[in-house]
Structure formats: C-alpha cells, structure tokens
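To start, the structure under review is shown below, and the notes come after it.
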Number of protein chains: 2
Amino acid sequence: MLMQTPRSAFAASQPAAPAPMADLFDAFNLMGSQMTLGPNEEIFGEKEPAEYVYKVVSGAVRTYTILKDGRRQIGAFYLPGEIFGLEIDNEHQLSAEAIGSTVVRVVRRSAVMSLAERDGEVARALWSLTARALYRAQEHVMLLIKSAQQRVACFLLEMSDRIAATDTVELPMSRQDIADYLGLTIETVSRTMSQLASESSIGLPSARRIVLRNRRALNALNA
Amino acid sequence: MLMQTPRSAFAASQPAAPAPMADLFDAFNLMGSQMTLGPNEEIFGEKEPAEYVYKVVSGAVRTYTILKDGRRQIGAFYLPGEIFGLEIDNEHQLSAEAIGSTVVRVVRRSAVMSLAERDGEVARALWSLTARALYRAQEHVMLLIKSAQQRVACFLLEMSDRIAATDTVELPMSRQDIADYLGLTIETVSRTMSQLASESSIGLPSARRIVLRNRRALNALNA
DNA sequence: CGACCATTTGATATGGATCAAGCGATGTGG
DNA sequence: CCACATCGCTTGATCCATATCAAATGGTCG
C-alpha cells in the first residue's frame, strides 16, 4: 500500500503530543492523519510490517486471508470508531481492505508503542483492544460450528448491535463478504436470508437493507 | 472450583516477590503455588470471576463452552509450559478442565496485574500472551472452514509441533475432545484418521499414539 | 474373565456446496 | 428516453461431505 501521505502528516504532528495521555483514542485525533480509500482498496497486506494503526472514521473495513485453495476467509469487519491493524509483533496477520468508500485515521505504530511504554493506561488500552479482538475471534469460532441459519441470524444481530440503534440495518458489505465471514457460500447466505424473510424474522426492503422484525426468533436460533 | 489450597499458599509467598521482575514466567515459580487435578476436574467456569492465572506443569487442559443445543466447543488446549485463564476483564470467557491427571501452577490475577502496573516488561508479556491467544483463535477460525481431512491433518501437525520433538505424538486428549475442537463428530475424526493411516500419512499404533509418517502429505492438505 | 468405556466401522440421511439459470437495479450509449 | 449490458443477488436442481443412527471391536480395570 502507498502510505506517503500519512507518513509526512504524522511526522509533522508528532512533536505536538509528548505529554502523557489519558486515552489511547485521543492519540488518533491528536497524532493521526486521515486518509480516504476507494472501494476494495488495500490498506495493508498479510505479512507486511505493521507500520501503522488504523481507526475507521466512516465506511467499513474487512480483514482477510486467502487460503491455498483460493477461498477467502474474512477475519473481521471494522465499523466507524473501531481500531484495527494493531499488532504486538511487527507483522500483520491478515490483509485489510476498505469495503466501500472509506475514511480512516492513521497513526504510526511506533508512536503508539512508545506512548504505551511511558503511559501504563495506554498500554492497558492497547492490551484491552487485543483482548477484545480475541473475544470476537472466539465468538467467530463458535459461529462457525453452527447451522447456516444460526450463523446468518447471529451475524445480523451482531451487525445490528454495532451499526444501528434501530431495527433497520444498512449493511456495508456484500453477500460475498458475509459468506466469506460466515464460512458459507453466497448462495446459502442468500437463500437463508430469503428464508428468514419468509418466516417474517427479517424484512428485506433491498439487498443491503435488513429489518430485524423478530429479534426473539433470531436469538432463539442461537446457542 | 475449590481453591482453598492455592489461596493460602499464595498469600504466604507473595511478600517474597516485591522487586521488579524480568520475566512474567518467573512469577509463576516465585509466587505461584501448585495444585494437582484429576481427569475432567473443573479449574474454572465460564462467567466466573477470573481470580487466578494458571500455567500447566504437566498433563493438559481444555477450555470450552457449551452451546444452547448441548454441543461443546473446545476453544483451546493447553500443554505443559503454557499459560491460560488470563483475562483482562474480570470474568472468564470459557470454562477450563484438566484433561487427564494434571498439575498446574497458580498465581493470583491481582498479583500479576499489579506486577504489570509496576513493570512495563511484565505488562508487555501479558499483552503478548493475549496476542498469541488471538493468533491461535484466528488460526482456529481458518481451521473450521476446511474439510475434515484438512482439519485433522492440521490438528496433528500442530500437536506435533507443540508436544513432540519426534514424529511420534502422544495425544493427551480423547477423540471427543478433538472432535469438539475441530467442529466435527467423533465418528468423522475417527474415520479421517483411519483414512490418513490407510494412505500411510500417519501410523496409529494405538488410539492416542500417532506417528507422522508423511508430513509433506499432511501439509499438502492445508491451505 | 467380564464389564465398561473409548474407538472404529457400517448404513443411511441431510444440510450446504456446486452448477446453472433467472432477475432486478444501475449505468451507458444510441 | 429507451434498449441493452453489467453486476450483484436470488432461485432452482443436483451432488457430496459429513452427520446421524447403529453395531462391532478393543483396551483397561476390577
């Protein structure tokens, strides 16, 4: 990925933030620079050195890996306000791409790390971020042993929690993205959604717009 | 779980370790107390407050959760030298049990945490532990979208890396444990192993003893 | 030896994958 | 403004990997 813009922008803003900082998230506002990405634009690649940490401002991001057989496994989706690309080792584990048109804030990983060395609260915030990612990965594991219906229902409920205060969810990702996250085919995801719609558990005013009509029924599917 | 023994033993040893400590793992030796567990003995339960952190001395441990439909998903296996039960929140995410007869070292979580507050190296070691758990959880996700053959082959190779320097692996866990880790049934695990044996990829001198005869073939399955 | 439990093996069923076609929205050129 | 191409999504038909149900085998411990 080409990263010339944030590099220089960050270098300029770094001297302005030497004091201890109560909140890691402030670091993004004070030290970060902003960049805009087009649909499907790569942010970083698997095995690349982890030079930056990112926070979604608007849009959405997917992390993924391509398996030997060509299938793509999506590790996670990141929505506005969420931080991604943080590694304790020097290498990214997964690749990251913007889903639609997306804006992210970027800070140098080395800056975040040295901040953490000076400030225990920041160190703890970083650890907490990794712990949250672990928690989500564990949930993801549990998702993958469920039936297609359960996976899709779980996914919609999770997206609803993360995106919308209301029962109408505007999904930022395609059916293929959902399929690759849930370990299903696009056909199965589509069929399952149609089925949930026919049971009136959800409404489908359009492909990307989902209405959760019966959360109880959706929840009932899950273990 | 009954925890009276470590509690008192730990209280006695705590005052002996106030100085900064180069390595988190030393904490287990200096501050920890040891406990012996019988087969299938519970170490902690899901949602229980995380009062201790554990390190396997001998034997093996599984963490797991029971889904609503009664199925058990094993999150991870822990082998001698490995640390488990560390949470950044106050609650355990998964339950933990000894697999066979197992010895663990135990230290109070609060002691580890306060050590981390004083010593940045310890804090980083704890974070690193969570990061490693995350890495494994991500590998686990990728495992679960593979075929039965691929899952079993992956599992055996991983166990070999972690248990044995040689090609003969003595598995500490049952077929049911393996099945619940891989998201398969016990029958499928058994059949798959028989099939790998018939292809001479592995040898099966006994159910728990696996000989990796052809690592290349096993690796070739994986993506 | 005999009981018990873990594992293996066999027969059948089924959920989701695969292959294939149809549909609907969006955009482009005539 | 409409014909038509494109792309993402849905729907249909069939196949296959793994689950399920059932029974046999083997190893361990009294």
Side-chain angles (χ1 to χ4, degrees), chain A residues 38-40 60 62 67 69-73 99-101 143-156 169-199 202-210 221 223, chain B residues 38-40 60 62 67 69-73 99-101 143-156 169-199 202-210 221 223:
Chain A
N40 305 313
R62 59 179 171 249
L67 304 180
D69 64 6
R71 281 185 304 164
R72 180 183 65 163
Q73 175 63 43
I99 295 178
S101 192
L143 201 62
L144 293 179
I145 68 160
K146 297 180 183 177
S147 72
Q149 268 214 353
Q150 291 173 325
R151 291 186 216 188
V152 171
C154 251
F155 174 77
L156 293 177
V169 185
E170 187 78 34
L171 295 177
M173 71 287 287
S174 70
R175 292 287 186 273
Q176 188 63 61
D177 288 333
I178 298 171
D180 291 348
Y181 178 74
L182 297 179
L184 299 170
T185 59
I186 185 176
E187 292 96 330
T188 298
V189 170
S190 182
R191 263 187 262 272
T192 304
M193 286 203 179
S194 299
Q195 192 188 341
L196 290 174
S198 77
E199 295 163 0
I202 64 172
L204 284 168
S206 76
R208 298 282 184 108
R209 188 181 300 266
I210 316 282
L221 291 172
Chain B
N40 305 313
R62 59 180 170 247
L67 304 179
D69 64 6
R71 280 184 305 162
R72 180 182 66 162
Q73 175 63 42
I99 294 179
S101 190
L143 201 61
L144 293 179
I145 68 161
K146 296 180 184 180
S147 72
Q149 268 214 352
Q150 291 175 324
R151 291 185 217 187
V152 171
C154 252
F155 174 77
L156 293 177
V169 184
E170 187 78 34
L171 295 176
M173 71 287 287
S174 70
R175 291 287 187 273
Q176 188 64 62
D177 288 334
I178 298 171
D180 291 348
Y181 178 73
L182 297 180
L184 299 170
T185 59
I186 186 176
E187 293 97 329
T188 298
V189 171
S190 183
R191 263 187 260 273
T192 304
M193 285 204 182
S194 299
Q195 193 188 342
L196 291 174
S198 76
E199 296 164 358
I202 64 173
L204 284 169
S206 76
R208 298 281 183 108
R209 187 180 300 266
I210 316 282
L221 292 172

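Since we're looking at a predicted model, the values are computed, not measured. By convention in this document, chain letters (A, B, ...) are assigned in the order of the sequence lines, proteins followed by strands, and residues within each chain are numbered from 1.
Residue pairs meeting the salt bridge (Lys or Arg N to Asp or Glu O under 4.0 Å) criterion with at least one partner in residues 176-186 of chain B, sequence neighbours excluded, are Arg62(B)-Asp177(B), Arg72(B)-Asp177(B), Arg72(B)-Asp180(B).
Of the residues in residues 170-191 of chain B, those with a non-hydrogen atom less than 4.0 angstrom from any atom of DNA chain D are Gly183(B), Leu184(B), Thr185(B), Glu187(B), Thr188(B), Arg191(B).
Reading DNA chain D from its 5' end, the first and the last nucleotide to sit under 4.0 Å from a heavy atom of chain A are dC9(D) to dA13(D).
dG15(C) atom P lies 14 Å from atom CG of Asp69(B), rounded to whole Å. Atom CZ of Arg208(A) is separated from atom P of dG24(C) by 19 Å (rounded to the nearest Å). Atom P of nucleotide dG15(C) and atom NZ of Lys146(A) are separated by 18 Å, given to the nearest angstrom. Between Ile145(A) atom CD1 and dG15(C) atom C1' there is a gap of 16 Å when expressed in whole angstrom units.
Taking five base pairs at each end of the helix from dC1(C)-dG30(D) to dG30(C)-dC1(D), the local helix axes there meet at an angle of 20°, rounded to 10°.
Annotation: side chain to side chain contact (heavy atoms under 4.5 Å, CB included) contacts of Thr185(A) (sequence neighbours excluded): Glu187(A), Thr188(A). For Ala207(A), the side chain to side chain contact (heavy atoms under 4.5 Å, CB included) criterion is met by Arg175(A), not counting sequence neighbours. By the side chain to side chain contact (heavy atoms under 4.5 Å, CB included) test, Glu170(B) is found to be paired with Arg208(B), Arg209(B), residues two or more places apart in sequence or in another chain being considered. Shown here are the side chain to side chain contact (heavy atoms under 4.5 Å, CB included) partners of Ser194(B), two or more places apart in sequence or in another chain: there are none.
Here the rule is side-chain contact (heavy atoms from CB on, under 4.5 Å) with Val152(A), and of Met193(A), Gln195(A), Lys146(A) only Met193(A) fits it.
Across all strands shown, Ser206(A) has no heavy atoms under 4.0 Å from either base or sugar-phosphate atoms.
For Gly183(B) against Leu144(B), the heavy-atom pair with the smallest separation is N-CD2, 4.1 Å.
Looking at Arg71(B), its side chain does come within 3.5 Å of a backbone N or O of Ile145(A) through a donor-acceptor pair.
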